[in-house]
J.: 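I am attaching a structure below and will ask some questions about it afterwards.
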Amino acid sequence: MKDETRLIHSGRDSAGHIGAVNVPVYRASTLLHPSVETLEGNTLAYGYGRRGTPTTRGLEASICVLEEGERTALTPSGLSACTTALMAVLSAGDHLFMVDSVYGPTRSFCNTTLRRFGISTTYYSPTITPDRLHALMQPNTRAVFIESPGSGTFEVQDIPALAAVAHAGGASVLVDNTWATPLLCKPLTLGADLAINAATKYIVGHADALLGTVTANASHVARLMDFHGHFGLTVSGDEAYLGQRGLRTMAVRLARHQETALKLAAWFAARPEVERVLYPALPSDPGHSLWKRDFTGASGLFGVELKPCPKQAVAAMLDGYHLFGMGWSWGGFESLAVTTKLARTVEGGYRPKGPLLRFHAGLEDAGDLIADLEAGFDRLNKVA
Ligand SMILES: *Cc1c(COP(=O)(O)O)cnc(C)c1O
């Protein structure tokens with residue numbers, strides 16, 4: 001079956017739920033047992049609310065099928081999916097390779113909490129060669145964390161090549177796949193051990209719930225479920241339901257996000273105010289060939305570097321947009337525009353000279369969006 005079909009038919013049990021097409025919301029902490037035997041023996045599929053309900057298990061099953069993994073765990077946010085994956089594979093005294101273009105709060109977690117527990121982090125350039133990574137591997141390196149394309153700068157990483165180096169050195173490979181979703185890229189089939197998604201973004205898809213997923217291959221299921229269970233991570237039926245509901249339409253939404261993002265990106269690239277557009281789906285992008293090899297499509301998020309101009313000019317442009325809201329979490333149906341601040345500690349990767357912006361192409365009409373963007377450049381040029 002194709003993914004578009006799996007999206008619709010996975011994780012459902014209409015016969016078990018009065019014919020309801022989607023698994024309804026279960027709200028439950030206590031689950032009553034019919035006998036001492038099931039109470040003491042832990043033999044029921046559902047024994048305690050924290051360990052899952054049909055609503056959460058349905059979403060887990062859908063994501064797991066899409067990721068082509070062995071088991072999926074839900075977490076209360078995308079960030080907690082990143083931190084759960086890291087905690088599942090790292091112990092005191094271990095060393096972590098973290099990509100320099102990682103989502104900011106994941107970087108903060110490494111620099112504070114992981115450090116406090118005796119785990120050291122080395123940042124590597126998103127454009128590192130596999131040979132260079134091989135040379136930098138330490139005897140205690142236990143994880144290589146990849147995020148592709150990178151947050152803010154959109155570099156595409158060679159997941160299979162980096163995974164081969166990591167595995168040869170005895171390290172696990174973790175991939176934050178939020179930009180692509182498991183529909184457009186499947187990290188586990190490219191060599192990753194744990195695939196991470198901020199389901200908050202395209203899976204929920206409507207900017208109204210926070211949710212994360214971590215999917216393990218067979219060799220990493222026990223480690224993932226151990227940490228997840230011991231830490232007491234759980235997701236409410238309401239949030240899981242919103243994730244499942246969003247997932248059903250994700251294929252058509254993503255196709256439209258990509259179509260519009262390509263139009264906007266091409267339009268930006270032709271503007272005199274623009275230095276560069278950062279979007280791997282553009283043939284001119286340095287990550288284009290890797291993207292073409294490993295991804296089956298692009299989502300709606302891309303970067304725009306402006307030619308150097310005053311801060312007030314950028315503010316005038318963004319403040320006056322009617323259709324592009326200013327908000328951090330993308331992947332919903334609405335268009336967004338934000339300024340981007342980079343935290344980078346190693347050489348390599350993309351470095352803008354002018355103001356760097358990030359746009360999310362929503363599901364509005366592309367012509368309306370371009371008219372809003374055009375008026376924005378008029379405001380910018382008046383101040384600049
Ligand atoms: C947004 C995002 C996260 C965090 O997701 P939240 O649900 O906001 O915690 C993690 N990784 C990436 C790449 C993201 O874009």
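For ligands, and for the atoms within them, numbers begin at 1 and follow the listed sequence.
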J.: Under 4.0 Å from a heavy atom of E147: which atoms of ligand 1 are those, numbered in the order shown and with their elements?
T.: 13 (C)
J.: Grab the two heavy atoms, one from R51 and one from R57, that are nearest each other, plus how far apart they are.
T.: O-NH2, 2.9 Å
J.: Determine, step by step, whether F268 and Y279 satisfy the ring-ring contact (aromatic ring centres under 6.0 Å, His included) criterion, reporting the C-alpha distance in whole Å, the side-chain angles of both residues, the deciding distance to 0.1 Å, and the verdict.
T.: CA-CA 11 Å; F268 272 118; Y279 190 46; over 10 Å; no
J.: Tell me, which protein residue and heavy-atom name are nearest atom 2 (C) of ligand 1, and how many Å apart are they?
T.: K201 NZ, 2.4 Å
J.: Parallel, tilted or perpendicular: which one describes the rings of F154 and W179, with boundaries at 30° and 60°?
T.: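 F154 and W179: perpendicular rings.
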J.: Which of these, T75, T200, I196, T106, has its nearest heavy atom closest to atom 7 (O) of ligand 1?
T.: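 Selected option, by shortest heavy-atom distance: T200.
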J.: Under 6.0 Å from the six-membered ring centre of Y124 and within 45° of its axis: does the NZ or CZ of R132 meet both?
T.: no
J.: Apply the hydrophobic cluster definition, ILVMFWY joined by side-chain contacts under 4.5 Å directly or through others, and give me every member besides V338.
T.: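 W328, all in the cluster of V338.
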J.: Between S125, S148, P149, which is the residue that forms a side-chain contact (heavy atoms from CB on, under 4.5 Å) with Q157?
T.: S148
J.: If the cut-off is 4.0 Å to any non-hydrogen atom of W330, which atoms of ligand 1 fall inside it?
T.: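 What qualifies from ligand 1 is 15 (O).
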J.: Is it the case that ligand 1 has an N or O less than 3.5 angstrom from some N or O of L210?
T.: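 In fact, backbone or side chain, L210 has no N or O that close.
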J.: Out of N197, D176, T178, V204, whose heavy atom sits nearest atom 11 (N) of ligand 1?
T.: D176
J.: Can you list everything that forms a side chain to side chain donor-acceptor pair (under 3.5 Å) with H17? Sequence neighbours excluded, please.
T.: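 With neighbours one apart ignored, the set is Y26.
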J.: Starting from atom 10 (C) of ligand 1, find the nearest protein heavy-atom neighbour and note its residue, name and distance.
T.: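 Checked against all protein heavy atoms, atom 10 (C) of ligand 1 sits closest to Y103 CD2, 3.4 Å.
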J.: Return the closest protein heavy atom for atom 9 (O) of ligand 1 as residue, atom name and distance.
T.: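 Protein heavy atom with the smallest distance to atom 9 (O) of ligand 1: L79 N, 2.8 Å.
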J.: Quick one: look up the protein heavy atom nearest atom 6 (P) of ligand 1 and list residue, atom name and how far away it is.
T.: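 The answer is G78 N, 3.3 Å.
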